[in-house]
Amino acid sequence: GAVVSQHPSRVICKSGTSVKIECRSLDFQATTMFWYRQFPKQSLMLMATSNEGSKATYEQGVEKDKFLINHASLTLSTLTVTSAHPEDSSFYICSARAVSGGLPDGELFFGEGSRLTVL
Amino acid sequence: AQSVTQLGSHVSVSEGALVLLRCNYSSSVPPYLFWYVQYPNQGLQLLLKYTTGATLVKGINGFEAEFKKSETSFHLTKPSAHMSDAAEYFCAVSDRYGGSQGNLIFGKGTKLSVKP
């Protein structure tokens with residue numbers, strides 16, 4: 001099956017620093033990737049839609065200058081949390097939409113998630 | 001606007017017992033419906049989905065769900081629970097005409113515990 005890999009799986013940083021999370025589709029191409037945030041014991045909230053070669057589309061209430069998204073290639077999207085603060089601590093999950101390679105067109109595949117803790 | 005309601009944030013069953021996780025949705029158009037499973041500190045794995053056709057959908061790990069339009073429901077069932085089924089389960093809906101499966105609206109999730 002299709003694999004989406006996130007790195008790092010866990011990261012701890014000091015307040016005020018920036019953290020980059022990578023999302024890679026390992027065996028398929030994804031023109032669109034999505035970033036979600038999940039608070040403890042809550043559901044996933046879509047943060048932004050990342051399109052290869054263009055600017056990300058952010059959901060209402062998500063600060064685009066704080067959560068920088070770059071979709072540099074058909075297999076890689078990055079989320080950078082800039083000047084992180086404790087309230088940014090959360091579980092961040094990416095997903096990628098398959099567009100080729102014999103996979104069901106349009107099906108979403110999720111990464112393993114990245115747990116960010118800001119001290 | 002679409003929404004998903006999962007009744008029961010926590011369901012506990014005995015091993016071998018029936019699993020029933022409830023999901024109701026609201027949508028102005030016929031939706032795509034999904035069930036995902038999440039194990040601790042992991043991403044989401046698709047269990048099954050309904051798009052068109054047969055309303056009873058079979059998924060992985062012995063799970064199935066039935067789309068009932070009249071009840072706006074998509075309940076997830078498994079005849080016999082296994083210890084490995086213990087996880088968080090999310091129901092999600094997508095606007096059929098939205099064009100983007102990424103616009104998933106998730107329910108709040110139901111944590112399934114399986115007792116030996």
Side-chain angles (χ1 to χ4, degrees), chain A residues 1-11 21 23-25 30-51 56-60 69 71 77 90-99 103-117, chain B residues 1-11 21-25 31-53 57 59-61 87-113:
Chain A
V3 177
V4 174
S5 177
Q6 278 184 245
H7 178 80
S9 58
R10 293 177 182 269
V11 56
I21 301 170
C23 178
R24 293 180 183 272
S25 56
T31 56
T32 305
M33 292 184 174
F34 306 91
W35 288 95
Y36 302 83
R37 183 173 181 177
Q38 185 180 31
F39 292 100
K41 299 183 180 181
Q42 293 191 30
S43 190
L44 283 74
M45 299 297 295
L46 180 65
M47 297 175 65
T49 302
S50 169
N51 297 298
T57 303
Y58 290 81
E59 296 299 303
Q60 190 173 10
I69 292 173
H71 196 149
S77 176
S90 192
F91 195 53
Y92 293 88
I93 301 176
C94 74
S95 68
R97 187 164 67 190
V99 291
L103 297 171
D105 195 26
E107 183 165 338
L108 281 182
F109 298 92
F110 286 79
E112 316 97 315
S114 300
R115 183 163 300 283
L116 170 63
T117 303
Chain B
Q2 295 177 310
S3 66
V4 177
T5 301
Q6 290 184 243
L7 291 177
S9 59
H10 192 186
V11 171
L21 304 183
R22 298 179 186 274
C23 173
N24 288 87
Y25 68 91
Y32 287 131
L33 295 160
F34 307 83
W35 274 101
Y36 288 90
V37 60
Q38 183 182 34
Y39 296 99
N41 293 313
Q42 293 189 26
L44 273 67
Q45 181 181 8
L46 180 66
L47 276 178
L48 47 80
K49 65 180 178 182
Y50 168 79
T51 54
T52 59
V57 181
I60 62 173
N61 301 339
E88 188 92 22
Y89 291 81
F90 291 95
C91 181
V93 62
S94 177
D95 185 342
R96 176 189 292 270
Y97 301 110
S100 169
Q101 189 181 339
N103 293 332
L104 286 174
I105 306 299
F106 286 90
K108 292 188 175 182
T110 298
K111 183 176 181 180
L112 175 65
S113 298

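To find a chain, count down the sequence lines: A is the first, B the second, and so on, and within it residues start at 1.
- Scored by the salt bridge (Lys or Arg N to Asp or Glu O under 4.0 Å) test, B/Arg22 finds no partners at all (sequence neighbours excluded).
- With a 4.5 Å cut-off on non-hydrogen atoms, B/Glu88 does not touch chain A at all.
- Rounding to the nearest 0.5 Å places CG of B/Leu104 at 8.0 Å from CZ of A/Phe34.
- Residue B/Phe90 touches chain A through its side chain alone, counting heavy-atom pairs closer than 4.5 Å.
- By the side-chain contact (heavy atoms from CB on, under 4.5 Å) test, A/His7 is found to be paired with no residue, residues two or more places apart in sequence or in another chain being considered.
- The candidate from A/Arg10, A/Met45, A/Gln6 with the greatest count of non-hydrogen atom pairs under 4.5 Å with chain B is A/Arg10.
- Between A/Phe91 and B/Gln38, the closest heavy-atom pair is CE2-NE2, 3.6 Å.
- Of the inter-residue distances, the one linking A/Glu112 atom CD with B/Leu44 atom CG reads 12.0 Å to the nearest 0.5 angstrom.
- Proximity to chain B (any heavy atom under 4.5 Å) is shown, for A/Leu44, by both the backbone and the side chain.
- Of the atoms belonging to A/Gln38, it is side-chain heavy atoms, and not backbone ones, that fall under 4.5 Å from chain B.
- Counting only distance, with no hydrogens or angles, the side chain of A/Ser43 and the backbone of B/Gly107 share a donor-acceptor pair below 3.5 Å.
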